[in-house]
Amino acid sequence: MSTPTQLEQLHLVLGDEEFLVERAVAHVVGQVRASANVAAGADLPVNRLRAGDAGAAELAELLSPSLFAEDRVVVLEAAAEAGKDAVALVLDAAGDPPPGVVLVVLHSGGGRAKAMTGALEKLGAVVHPCAKLKSGELIGFIRGEFRTLGVRVSPDVVQSVFEGVGSNLRELAAACSQLTADTGGKIDVAAVQRYYSGKAEVSGFDVADKAVAGDTAGAIEALRWAMLRGVPHVLLADALADAVHSIARVAPAGRGDPFRMASELGMPPWKIKKAQALAKGWTPTSVGEALRIIAALNADVKGAAADADYAVESAVGRVSRLRQI
């Protein structure tokens, strides 16, 4: 097992763009997993805690050397809102992390603990910029996504993705990945337009959100608009499946703190909070039925259904009607 260097043990995820924050944390966890030679599928301890809730005893327990010398990651959330005492505890821990422990501090860049960012940088933290992107930076983001995927595309393709998908980073990243997978990396403007025609204001995520919220009329209207734009059936089905699976995972866990539940459920806090707001309208029986519907839909959109349009619309309507408003 390799031990991370002092510089690699401390990370500052700076900004409030949720998608970039999630990606930065996942990147750090991936690096630790690789350096520690953790086998695929094996557990790497990742503990998440609000920085403001970090008491001396709890921090000491999280940061104490493992009995079995296991590497692990400690993620301190919402550091910008931490009080004076919590800030002092975090900075003290950041100054000397024990061997095998990687400390990741998430900070929006503002808040009452704004000065913490400078202190962490002085301690040698690796900074991961995660500020919300301005409209002029989105083209660069798209270009970077394709570059990371190992694909060279023309400026016209980048512009077409931007015009067809919109400004949501999560959806832009998904679109770049989907286009790369489906075209074998040979992406032209025509390929983009087959998937994303017109200015994207409605996506599979919008349809799925309305469906699991029980807004049948709104979900069907959004779905028909998405299909008119040419959003692929498989993307619509995947978005609905993701929304239903989120409810299925969060509902049994109850109304706990999303930040504390994130590690256990393997979901980002924002997604847990969103699912919690919807879960009260779902029962174990209705969730089970929704899971059966999306399983059948998955097969339908991959060739089992004679009419994929009808299959998707039927599934969206049936799922939305299962929620008790």
Side-chain angles (χ1 to χ4, degrees), residues 17-31 33-35 39-41 128-208 223 225-243 245 266 268 271 294 297-305 308-309 311-312:
E17 172 52 64
E18 290 177 342
F19 175 73
L20 296 180
V21 170
E22 289 172 37
R23 177 176 279 185
V25 173
H27 176 71
V28 173
V29 171
Q31 283 189 321
R33 180 181 291 277
S35 68
H128 304 264
C130 296
K132 291 187 182 298
L133 299 187
K134 299 177 182 178
S135 58
E137 298 171 316
L138 293 172
I139 293 294
F141 173 81
I142 298 168
R143 190 181 297 116
E145 287 297 298
F146 281 123
R147 187 182 303 118
T148 299
L149 292 165
V151 177
R152 297 182 65 180
V153 296
S154 70
D156 286 346
V157 165
V158 173
Q159 184 66 31
S160 184
V161 171
F162 173 61
E163 292 175 355
V165 179
S167 60
N168 184 287
L169 297 191
R170 191 180 308 280
E171 294 183 18
L172 284 170
C176 294
S177 179
Q178 184 76 43
L179 285 164
T180 299
D182 286 1
T183 65
K186 298 177 181 179
I187 307 169
D188 56 18
V189 172
V192 177
Q193 291 177 344
R194 281 198 300 273
Y195 276 78
Y196 309 99
S197 57
K199 181 67 176 176
E201 298 299 342
V202 178
S203 70
F205 297 103
D206 297 312
V207 176
L223 173 64
W225 177 244
M227 288 194 295
L228 281 173
R229 288 198 307 105
V231 176
H233 298 113
V234 68
L235 295 186
L236 295 166
D238 285 350
L240 184 61
D242 181 71
H245 280 119
K271 197 169 188 177
I294 62 172
L297 178 61
N298 181 60
D300 286 341
V301 298
K302 292 179 180 178
D309 281 356
V312 175

* Check whether any side-chain heavy atom of N168 sits under 4.5 Å from a side-chain heavy atom of F205, and report yes or no. => no

* Is any side-chain heavy atom of R23 closer than 4.5 Å to a side-chain heavy atom of L169? -> no

* **Point-to-point distance, once rounded to the nearest 0.5 Å, from CG of D309 to CG of D300** => 12.0 Å

* For L20 and A131, which heavy atoms make the closest approach, and how far apart are they? -> CD1-O, 3.7 Å

* So, for A311 and L297, which heavy atoms are closest and what is the spacing to 0.1 Å? -> O-CD1, 3.6 Å

* Structure fact -> Closest heavy-atom pair, V301 versus V234, reported as atoms and distance to 0.1 Å, is CG2-CA, 4.2 Å

* Structure fact -> Heavy-atom nearest pair, V157 first then V192, reads CG1-CG2, 4.0 Å

* Asked: Going from CE on M227 to CG on L223, what distance comes out if it is rounded to the nearest 0.5 angstrom?
  -> 4.0 Å

* For the student: nearest non-hydrogen atoms of L149 and T180, plus distance -> CD1-OG1, 3.5 Å

* Cationic N near anionic O, under 4.0 Å, R170 to E22 -> yes

* Asked: Is it true that a side-chain atom of S177 and a backbone atom of A173 form a donor plus acceptor pair closer than 3.5 Å?
  -> no

* Asked: When you look at D242 and K271, which way does the side-chain contact (heavy atoms from CB on, under 4.5 Å) test go after all the steps?
  -> CA-CA 11 Å; D242 181 71; K271 197 169 188 177; 3.0 Å; yes

* Going by heavy atoms in the side chains, are L235 and E171 under 4.5 Å from each other? -> no

* Rounded to the nearest 0.5 Å, how far does CD of E137 lie from CD1 of I142? -> 12.5 Å

* Structure fact -> Rounding to 0.5 Å, atoms OG (S154) and CD1 (I187) come to a distance of 9.5 Å

* When you measure from the side chain of S160 to the backbone N and O of D156, does any donor-acceptor pair fall under 3.5 Å? -> no

* Asked: So V161 and E145, side-chain contact (heavy atoms from CB on, under 4.5 Å) or not? Walk me through it.
  -> CA-CA 11 Å; V161 171; E145 287 297 298; over 6 Å; no

* Structure fact -> All heavy atoms of G185 vs all of V151, minimum pair found to be O-CG1, 3.4 Å

* To do: Carefully, step by step, assess V207 and L240 under the rule side-chain contact (heavy atoms from CB on, under 4.5 Å).
  => CA-CA 8 Å; V207 176; L240 184 61; over 6 Å; no

